[in-house]
Every structure is written in C-alpha cells, then in structure tokens.
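Chain letters run A, B, ... following the sequence lines, proteins first, then strands; residues in each count from 1. Keep in mind that what you see is a predicted model, and the values were worked out from it rather than measured.
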Amino acid sequence: MWFEDLLIQIKSVLVLNAPEGLRPILSAMLSATPILSAFGGLFAAVTLLERKMLGRIQNRYGPNRVGPFGIFQPVADGIKMLTKEDIVPKTADHSIHFLAPLLLLLTAMLGLSVIPYGEKLVAIRFEAGIVFFFAVGGAAELAVFMAGWASRNKYALLGSLRAIAQMVSYEIPLILSSVCVLMAAGTLSLDEVAKSQSGSMLSWYIMTPWGLMGCVLFLIATLAEVNRSPFDIPEAESELIAGHMTEYSGFKYAVFFLAEFVAMFAMCALTATLFLGGYHPPLPILAFIPGPFWLFAKLMVLVLLFIWIRGTMPRLRADQLMEFAWKFMLPMAVINLISTGCWIALGRGSLGWGLSALINLAAYGALSRWLSSRPNQQKRTYRFAEGPMHAA
Amino acid sequence: MTTVFCITALTTLASAVAAMSLRNLVHCVLCLTVSFIGMAMVYLQLSSQFVGFAQVMVYVGAVAILMIFALLMTRGGQELFMREWRPMHWLVGGLVSLALLAVLVGSILQSPVIQNTGPVDKVERVKDLGQSLVYEYLLPLEALALLLTVALIGAALIALPPKQYPIKPQPRENS
Amino acid sequence: MNSAQATPSSDKAQAGPMFESKTSDQAPSLDGTERMEVSMGPHHPSTHGVFRMDVELEGETVVKLKPVFGYLHRNHEKIAEGTSYLGSMPYTDRLDYFNSMTNNWAYALSVEKLAGIEVPERAEYIRVITAELSRLQNHVCLIGFLVQDMGALGTPLMYAFRERERILDLFESLTGARMMCNYMRFGGCRCDVTPAWLRQAHQVTEAFPRFLDEFEALLSENEVLLSRSQGVGALGQDLAIAAGVTGPMLRATGVNYDLRKADAYGIYNRFNFRVPLGSHGDVFDRYMIRILEMRESIAILRQAIRDIPDGDYVHPKAKLRGFKPPMGEAYGRIEAPKGELGFYLISDGSPKPYRFKVRPPSFINLTILEDMCLGQTVADAVIILGSVDIVLGEVDR
Amino acid sequence: MIGKGILKGMMETARNLTGSFHDPERLTTVSYPEEKIPAKENARNFPFLVYDGDDWESGLRCVSCQICEKECPPQCIYIEKDTQKKADFLGKLQFQPKVFDIDVSVCMGCQICVEVCPFESIRMDRDFEYAKSDRFEGLLLHKEQLAKSNKYYHQIHPTEATETDAIREGKRQDHLAKERAKAEKLAQAKEAASKSQSKEPNKE
C-alpha cells in the first residue's frame with residue numbers, strides 16, 4: 001500500500017503544480033512514462049536473459065563479453081541497431097514500410113495501459129478493459145500485414161499472411177479461455193478481476209480446474225499470438241528467413257523486436273492478472289511487498305517459461321498449427337466454459353470443483369486420445385533385418 | 001470535447017474519401033481502417049466504451065483483415081478498373097448510395113436519439129448492455145448467432161481439402 | 001541480396017502485379033489459384049550450404065521442385081587425376097567433411113583393390129573403430145540439423161555437437177586433425193593407436209548410449225516432431241531402388257541393404273550387429289533408423305575395442321613414395337554414414353590414376369528430392385531436404 | 001495423452017539448464033581467447049622446418065631435396081636450392097634451401113610433406129592463430145618464419161620428437177658405423193697394400 005500511495009502522492013503533487021491547461025496531458029504522461037520505461041528496461045533485461053538462458057539450455061555461456069557476465073550486451077545491441085544502415089527496398093511502399101513497426105509497437109504498448117499494476121495503479125480504468133486489450137491486440141495483425149506487404153518480398157508477404165492467419169485463429173481460443181475468468185469474476189474490467197482474487201494463493205483462479213485449463217490454453221494461445229516458438233511460423237527462419245521482418249534493418253528491426261517483446265510482456269501480465277492473482281502476493285503475510293513487484297514476478301515466471309519452451313520445441317507446420325487451434329484449442333476452450341459454468345452454478349464449492357475437474361479431465365482425455373490416434377502421431381516399432389540382403 | 005470531435009470527424013471523413021479515391025487497393029483498405037478507428041473514437045466520445053472497443057475489434061481486427069485477404073487472393077491487387085468512364089456503373093452506383101443514404105437518414109430521424117441533443121450524461125454500463133442483449137433482444141441475438149454459425153460451417157465446408165490433392169509428378173524437362 | 005528477388009520481376013514502385021505469373025503456359029490449376037515461384041537458396045538458412053531449390057508453389061504446396069547445385073564444384077575428380085594416388089587422400093577428406101574417416105577408407109579400399117595390397121588385421125580394426133565413430137557423430141549431427149530445420153532453435157544441435165566434440169577430440173588425438181583426418185594409407189593407417197587412446201575411445205563409446213537416451217527423451221516422443229515428420233516425404237521402395245538411393249534413406253523404406261553385411265568389406269563379418277529397417281520411408285523413419293543405427297554402431301565399437309589384436313598398423317611393404325599400381329581398374333565401396341560411397345579407379349601403370357570417379361551417396365540420394373517433395377508444403381520440403389543428409393562438399397565435388 | 005512428449009522434452013532441457021551450472025560434462029564451452037583447451041599432442045596445423053642447435057641458419061635440417069615440394073597435393077611449397085653446399089649433421093656436404101616458402105593460405109595441413117621427408121626436417125606445428133591482415137604476403141611464410149628449433153619441436157610433440165631424435169641418432173650411428181667400416185676397410189686395404197709394399201704407420 002505505502003508504495004502505491006507514494007506514487008500517487010508524487011503524481012498528484014506534480015500535476016497540481018502544473019498550469020491548469022496542461023494538467024490532463026501531464027497526468028497522462030506521468031502515468032505512461034513509468035510503465036513504458038519499466039517495460040523498456042524489462043525488454044533490455046529479458047533480451048539478455050533469454051540469450052543467457054537459451055545458452056545455458058544449450059550448454060553454452062550465452063553473451064559474456066560486454067561488461068561483467070555480459071550485462072551490457074543490450075546496450076551494445078542497442079548501439080549496433082541504432083548505427084546500422086536503414087535499408088528500404090527500392091520497390092517497397094515507403095510510407096507503409098515506415099509506419100508498420102511504429103503501429104505494431106503502438107498496439108503492443110496500448111495493451112499495457114489497462115493492466116492493473118496495483119490496487120490503485122491502473123493507467124486507464126476502463127470498464128471494458130479486457131475488450132480494449134484484445135481490440136488493440138487485433139490491430140497488430142494489420143501492422144504485421146503492412147510490414148509484409150510493403151516490403152515487396154515474397155518471403156515477407158508469405159510470413160505476414162501466415163502471421164495474420166495464425167493470430168486470427170488463436171484469438172478465438174485466447175478470448176474464449178479468458179471468458180471463463182470473466183464469467184467467474186462477473187466483470188470485464190481487469191482491476192475488478194484482480195480484486196476478485198485477493199487473499200491467499202488459494203483464491204487465484206489457477207487453483208480451480210477450469211482456471212488451470214484456462215490458463216494453459218491461454219498461455220498456448222499467447223505463444224501463438226506473439227509468434228513465439230513453437231508457433232513462430234511467421235518467422236520460421238528455415239523456411240521464410242525472418243517472415244515479415246525480412247526487409248527491415250537497423251532501428252526499424254529493433255522496433256519490431258521491441259514490439260514483439262512488449263506484446264509478450266503485455267500478454268504475460270494479462271495472464272498473471274486473469275489467472276495468477278495479478279498484483280496480489282501468494283500469501284497475505286507478504287503484502288508488505290508492493291503489488292507491482294508481485295505482478296512483475298509473476299510476469300517474469302511466465303516469460304522464463306516461454307524461454308524454456310523456446311529452447312525445447314521444434315516448430316509446427318502452418319496447417320498443423322491451424323488444426324491444433326480448431327481441433328484442440330477451440331473445443332477445449334468451449335468445454336472449459338461449460339465447466340466454469342458448472343463451477344459457478346454449483347456455488348463455487350468443492351462439488352463444483354470436482355465436477356469441473358471431471359469435465360475438463362474427460363474432455364482432455366477424449367481430445368488427446370482422438371488427436372494421438374491421428375496417422376502422424378503413431379508410436380512406431382522397428383524391425384531388424386533378417387535373412388538375405390537385397391540383391392545389389 | 002468539440003475540438004477532439006472535430007479532429008476525429010475530419011480524420012474519419014478524410015480517410016473515407018481517401019479509401020474511395022486512392023489508386024492502390026491496399027492503400028484504400030488501410031485508409032478504410034483508419035476511418036473505422038475514427039468511428040470507434042466517436043463511440044468512445046459518446047461514453048460507450050464497449051461498443052467502441054467492439055468496433056475496433058471487429059472492424060479493424062477482423063473485417064479489414066478479411067478485405068485484405070480477399071484482395072490478395074484475387075488477382076490484380078494493384079490494378080485499377082475504373083479508368084474508363086462507364087455511365088451505367090456511375091448511375092447504378094449513385095442510385096444505390098442514394099438509397100442507402102435515405103435509409104440511414106430516415107432511421108436516424110425516427111430514432112429517439114435525435115431528441116436528445118445535449119451531451120450524453122448517462123455512462124453506459126457493460127452489464128446493462130449485456131442484460132438488454134440477453135433479456136430484451138434475445139431473439140435477434142440468437143438469430144444472429146445461428147446465422148454466424150451457418151456462415152462458419154459454410155466456410156469450413158468450402159475450405160475442406162479435396163479428398164486427394166490432384167498433383168502428379170510432371171514430366172521432367174531435362175531427363 | 002535476398003533470393004526471393006532472384007526471379008526477375010520488373011516491379012515498379014506502384015504499377016505491376018507483385019507476383020508475375022511465370023507459368024502461364026501451363027494449364028490453370030484446379031482451384032484457379034496462381035502458382036508462385038520461390039527460389040530457395042543458395043543463400044537460404046535451411047539449404048545446408050550453397051544449394052538452391054527452385055520451388056513452384058500452389059498456395060504452400062510444392063508442385064514442382066528443381067534442385068540446383070554445383071555452387072561448390074571444385075573439380076575433385078580432375079584434380080585427383082593430376083596428382084599421385086597418395087596426394088588424393090587429403091582431398092577425399094573434403095568430400096563429405098563430416099566423415100573424413102569413411103571417405104579415406106573407401107578410397108584406400110579401392111586403391112588396395114587396384115594394387116592388391118593386404119591390410120593387417122590391427123589396421124582393419126582401427127578402420128572399423130574410426131568409421132563407426134564417424135558414423136556416430138554424423139548421425140547425431142544430422143539429427144541435430146534436421147530438428148533445427150524443424151525450428152528447434154539449435155538445442156538438439158548443440159547437444160549433438162557436444163557429443164560430436166568428444167569424438168572429434170578422439171580423432172584429433174589420434175590423427176592430429178579434427179575433421180580433415182587424412183588417416184588411412186594404402187595398406188593400413190598412418191599411425192598406430194595407443195592403449196590410452198583405446199581406453200578413451202572405450203569411455204566415449206560407453207557414455208554414448210546415455211546421451212542417446214537423453215536425446216531420444218528430448219525428441220522421439222515430442223508430439224510436434226512426430227506431427228512434423230510422420231507421413232512427410234514418404235519414399236517408396238521401388239522408387240528408392242530405381243533411383244539408386246542407399247544408406248539410411250534406403251533402409252528407412254524397408255529395403256534390407258547394408259554394404260557392411262552385403263559386401264562384408266574389411267572385417268565386418270566378425271561383428272555382431274543388426275540392420276534396422278523402417279517401413280514407411282518418411283522423415284520420421286529416417287530419423288529413427290539413424291538413432292537405431294547409432295545403437296548398433298555402439299555395439300560394433302564395443303566388440304572392436306575389445307577384440308583389437310596387436311600387430312602392424314600398416315602393411316610393412318606399403319610404399320608411400322613412388323607408388324605405382326599395376327594397370328587395371330577397381331571399384332571399392334563402403335557403407336558410409338550417408339550411403340554407398342564408392343571410388344572407381346583406372347590405372348594406366350603411372351603414379352597418377354587415369355580415371356578417378358566418385359560415387360557420392362548424398363548426390364545420388366538427392367536426385368529424388370522432387371519426388372519426395374511433391375504435394376508437400378514448403379516447410380516439409382525443408383525438412384525432407386534435411387532428412388536426406390547431404391553435404392554439399394560431396395554433392396558438388 | 002497429448003503433451004506428454006513435450007513435457008518429457010522440457011524436463012530434458014531443464015536438466016541441461018541446471019546441469020550447465022554444476023556439471024562440467026554438460027558445459028563443455030570455453031571462453032576462447034582467455035581460456036584454451038590444452039592442445040592434443042598429435043594436433044597438427046601447418047608445417048615448420050626443424051633446426052638443430054641455436055642458430056637456425058646453420059642448423060636447418062632441410063637439404064632442399066624438393067621431395068615435399070613434389071608430393072604436396074595443393075603444391076603450396078616453393079623451394080630454391082642454394083648454390084653452395086654445407087655440411088649437415090653427419091658431416092656430409094648438402095645443399096641448403098636458399099628459398100623455402102609455404103603458402104599457408106593454400107596449405108591444407110595434410111601432413112604428407114612430413115611423411116615423405118627423408119631428412120626429418122619438416123614437421124607439423126600446432127599453432128593455429130595465423131590471422132593476418134594481409135592475406136598474400138602475410139600468409140606466405142618464409143624460411144626464417146618456418147624455422148623452429150628442435151627444442152620447440154620437443155615442446156609441442158614430445159613423443160614424436162623423441163622418436164625422431166632416436167631415428168636421427170640411429171642414422172648417425174649407422175653413418176658412424178659405416179664410416180668406421182669404411183675406414184677399417186680403407187685401413188685394411190691400405191694395410192694390405194702396405195704389407196705388399198712397405199710398412200707405414202696407419203693414419204686415421
């Protein structure tokens with residue numbers, strides 16, 4: 001509490017000392033600056049962390065040349081990106097080529113504005129906050145398309161079309177799996193959702209069967225939405241070089257990178273808010289540590305999970321990705337809605353808990369059985385040659 | 001309030017005009033998207049958050065993308081087919097747009113909103129919206145849902161792959 | 001700069017369609033979509049070197065694929081005809097630079113056939129040990145590259161390289177070089193193995209199964225890998241035999257053909273090992289056959305290291321300088337990790353071969369790339385190419 | 001159950017992630033310029049010329065027989081004979097190379113020159129840090145850069161160098177024995193001659 005009050009005090013002092021006409025703008029800027037700078041710093045830290053952790057997963061050191069343990073690597077990267085030549089293909093559509101990374105970054109950053117960082121720390125308190133979040137997230141598809149189309153490159157165009165198809169398909173399970181939380185919380189406002197999970201860890205939604213399933217589905221859809229492995233098909237480097245970013249260089253490329261990471265942070269923050277209790281500490285005793293810390297801690301856990309997944313998995317094929325969205329994610333999300341409904345209808349008690357778990361388990365079992373009976377999921381046995389060789 | 005409204009309205013109108021007159025069809029779609037966003041801003045200024053966001057989500061996130069896909073999948077995304085002057089086209093087009101305008105103006109004039117000239121003071125609640133959808137307008141909602149489901153099934157049917165992809169190895173040229 | 005622009009489309013800033021229809025002479029496809037030509041390579045991240053695939057796509061489906069190679073051609077055969085028999089030995093290292101040991105062996109074998117040189121028993125054992133070690137590192141790296149092509153960000157590849165490193169260390173401490181070993185000589189090997197080296201080789205061999213288990217835990221059951229590789233790039237037995245495909249690619253289709261058994265060159269008939277066979281001939285079978293082959297290689301290595309006798313490591317009368325085989329011809333072939341590697345030599349009695357011909361397994365296995373890729377997507381074409389196991393040094397020679 | 005294989009794989013990467021911190025078997029990387037893997041004794045890279053003693057010019061073992069030049073597959077060795085002969089370690093008069101160049105940008109380190117050299121004078125170095133800014137002159141090594149002492153040879157390849165020394169010692173012994181035999185023969189012949197003519201004291 002004290003931390004949030006302190007921030008609010010500082011802001012009000014600053015705003016009240018400003019001339020009348022500037023106050024709204026100053027207030028908005030004072031809300032936006034800490035968020036943007038915090039996530040900007042986090043971006044730098046996570047690029048390093050990702051490379052370090054991937055290195056360790058692959059039994060390497062990762063970057064360790066710039067500064068002690070390579071901690072100045074992001075700075076070096078930034079300088080490199082800034083000083084690189086900005087190459088725009090001659091045939092490219094220059095204005096759109098220029099606007100695309102900016103639009104992408106804008107949509108990614110707008111999503112951060114509705115996340116509750118503390119009980120009183122919400123940049124914009126929308127009643128339909130989550131709808132806002134998904135609405136601006138939807139605009140990212142347009143930016144990706146602009147990038148791919150304006151580059152006038154086949155790989156870029158293919159990559160952007162794949163990206164759009166993937167984002168549109170996974171938005172459905174993404175939204176559906178978040179709807180179960182909205183049903184339980186009875187609101188579309190994210191700070192209300194966070195508030196409804198106050199108390200200890202046990203009151204987080206992930207502690208319910210539907211919440212767990214919803215969280216898993218949401219995370220998988222998030223991976224697809226932010227083009228992370230194993231759904232990084234739009235940027236599949238073994239097929240499409242770098243997808244829609246193929247023709248970008250220098251700072252614009254860095255902006256794409258930044259936008260991708262910020263989108264990932266935003267999605268992770270949303271996951272934390274929806275399923276992991278947002279800014280609430282896992283135990284009430286720990287409430288003396290301010291809320292933003294908890295939110296960022298949960299966000300980091302999810303980011304580390306993403307990096308871990310990235311270090312493990314091969315990439316799906318585009319059609320298999322769609323298949324997975326429509327044949328597993330969507331039915332599972334819909335069943336999860338039913339199971340949430342049962343949980344709510346049965347008074348949110350242990351009975352509802354059991355029934356919900358049962359429904360989810362049965363559905364998961366049936367779906368995975370069906371999926372693993374497909375011809376490309378077979379467990380094969382191999383024979384060893386007996387008898388004479390094939391004649392040469 | 002009024003300056004903000006003027007800016008949004010001007011942007012919306014300008015981009016709408018651009019959407020009709022630009023030569024590059026992809027540019028047209030992008031301008032159309034800007035005007036969609038402008039419309040959403042107008043909704044927001046009318047204190048109707050949910051509708052505004054839904055507008056962005058549906059029109060920017062889905063409709064614009066749909067148009068882009070349609071554009072790219074058909075041939076000649078760049079070609080201009082109104083180079084020639086075709087009076088019949090203009091006549092029919094003008095008639096249709098006049099009729100549409102008449103319908104819109106008529107319905108606006110009849111609606112009770114027109115009496116309410118002052119600024120909107122009642123903040124729309126998402127809950128109210130949901131309740132009115134489920135209680136008051138249940139039948140249209142269900143009909144709409146059915147329509148969309150049919151559309152979805154139809155789309156899936158169209159997209160079903162043919163039983164066997166008819167590709168045969170073509171005769172090699174060099175061997 | 002980018003190969004996507006390799007097709008000479010006269011894109012003006014505003015006018016002109018983005019994708020010119022290059023196939024207007026062909027009948028329009030069934031669903032009326034336009035075909036697109038993409039030139040993948042030679043500077044494409046997934047082509048394993050300077051190799052190009054001119055792919056014609058319908059949507060994402062490959063309808064035509066033309067492999068283009070020769071970017072790394074360096075006249076290997078002609079150079080060999082201009083240099084002494086011994087002088088070609090280091091050049092064979094550079095054919096399939098993953099397996100210089102087996103390349104050396106195949107060349108040495110054909111020269112020994114040509115000149116009728118006996119190989120001492122100990123040298124045969126050393127040859128088997130080094131060849132099977134290079135089979136291990138070739139297969140494990142190939143799988144790493146294959147999964148890398150599927151998009152696994154190099155993690156399996158790094159593990160593969162970690163293990164390969166141990167084998168390369170062995171090669172280095174034996175021959176002095178890690179990859180370009182230049183180790184075999186006509187009638188034996190260049191230098192003897194020490195007991196310490198054999199102990200180290202034994203350690204590496206014994207540690208390998210554990211690594212393979214870990215590797216398989218990472219990959220073999222991964223649903224993503226299964227769905228990417230099962231049923232992809234299937235190759236039929238008849239086509240495989242007709243095209244002269246050899247090695248794991250052929251055995252993945254179920255054809256029982258392994259030169260180690262069929263020819264029993266060297267002393268392979270002394271070892272007890274099995275030949276794994278697939279039944280689908282798809283990418284997953286090729287992956288699994290290689291895993292199983294590695295396990296059999298470990299069995300061979302164990303027996304060879306246990307049984308290696310004392311004796312000469314090279315035939316005492318083998319000549320280094322002034323080597324002149326009698327007139328005649330010979331074809332020596334071995335089961336290299338990638339397939340049948342053969343050297344065909346004609347001698348006119350001079351110190352230089354009159355004709356020197358290589359039968360490179362990766363080149364011949366590559367010829368049926370189009371047949372495997374038709375009807376698959378681009379992403380599949382990439383991993384099918386990866387599963388063929390090519391090294392451009394050998395393809396282009 | 002779908003997802004089981006993926007979880008198994010993730011456990012595997014987690015094991016490697018933690019293992020890279022405590023298990024030297026897993027973290028095999030070294031930070032190269034500061035930390036180097038000790039070179040293998042047999043490691044070879046480019047050839048060098050061995051000289052005995054302290055003075056490289058007089059101790060050079062090479063007698064410019066040009067066998068390596070002929071046998072080198074990529075033909076990266078260039079030798080010019082000197083016009084004057086010098087005594088080698090056996091006391092025989094031999095030519096020394098006036099020019100001995102190896103173009104290491106062409107050399108592929110195959111070791112064939114070492115194998116064919118009858119005078120144990122060319123051997124493989126294991127220094128690999130040859131990066132130069134001038135790829136033509138900088139990578140063309142001359143006699144003075146190639147000449148390295150036998151001590152250095154012992155340092156990098158102790159076993160092989162000892163073997164080489166033994167061979168040379170054997171050669172010297174052979175030579176001495178031959179000389180002695182020759183001298184004896186000569187002496188005998190002389191003795192026989194002197195027996196028949198007159199008696200003169202034997203001179204060695």
Within the 4.5 Å heavy-atom criterion, are C/Arg94 and D/Met108 side-chain neighbours or not?
yes
Are side-chain heavy atoms of D/Cys110 and C/Tyr91 found at a separation under 4.5 Å?
no
Are the charged groups of C/Glu214 and D/Arg26 less than 4.0 angstrom apart, N to O?
yes
With a 4.0 Å cut-off, would you call D/Glu115 and C/Arg185 a salt bridge?
yes
Tell me, for [X] versus chain C, whether the close heavy atoms (under 4.5 Å) come from the side chain, the backbone, both or neither.
X: D/Lys4; value: both
X: D/Thr29; value: neither
X: D/Glu25; value: both
X: D/Ile67; value: side chain

Nearest 0.5 Å, what's the [atom1]-[atom2] distance between [X] and [Y]?
X: D/Leu27; Y: C/Arg162; atom1: CG; atom2: CZ; answer: 10.0 Å
X: D/Thr28; Y: C/Arg166; atom1: OG1; atom2: CZ; answer: 6.0 Å
X: C/Cys191; Y: D/Gln111; atom1: SG; atom2: CD; answer: 7.5 Å
X: C/Ser173; Y: D/Glu41; atom1: OG; atom2: CD; answer: 10.0 Å
X: C/Leu174; Y: D/Asn42; atom1: CG; atom2: CG; answer: 7.0 Å

Side chains of C/Asn182 and D/Arg44, donor plus acceptor under 3.5 Å:
no
Name the region of [X], side chain, backbone, both or neither, that has any atom closer than 4.5 Å to a heavy atom of chain D.
X: C/Tyr159; result: side chain
X: C/Arg178; result: neither
X: C/Glu172; result: both
X: C/Asp169; result: both

Under the side chain to side chain contact (heavy atoms under 4.5 Å, CB included) criterion, do D/Glu71 and C/Thr83 qualify, and how do the steps go?
CA-CA 9 Å; D/Glu71 291 287 335; C/Thr83 179; over 6 Å; no
Apply side chain to side chain contact (heavy atoms under 4.5 Å, CB included) to C/Leu219 and D/Glu12, showing your working.
CA-CA 10 Å; C/Leu219 298 174; D/Glu12 199 46 55; over 6 Å; no
Check C/Gly87 against D/Pro73 and note the closest heavy-atom contact, atom names and distance.
O-CB, 3.4 Å
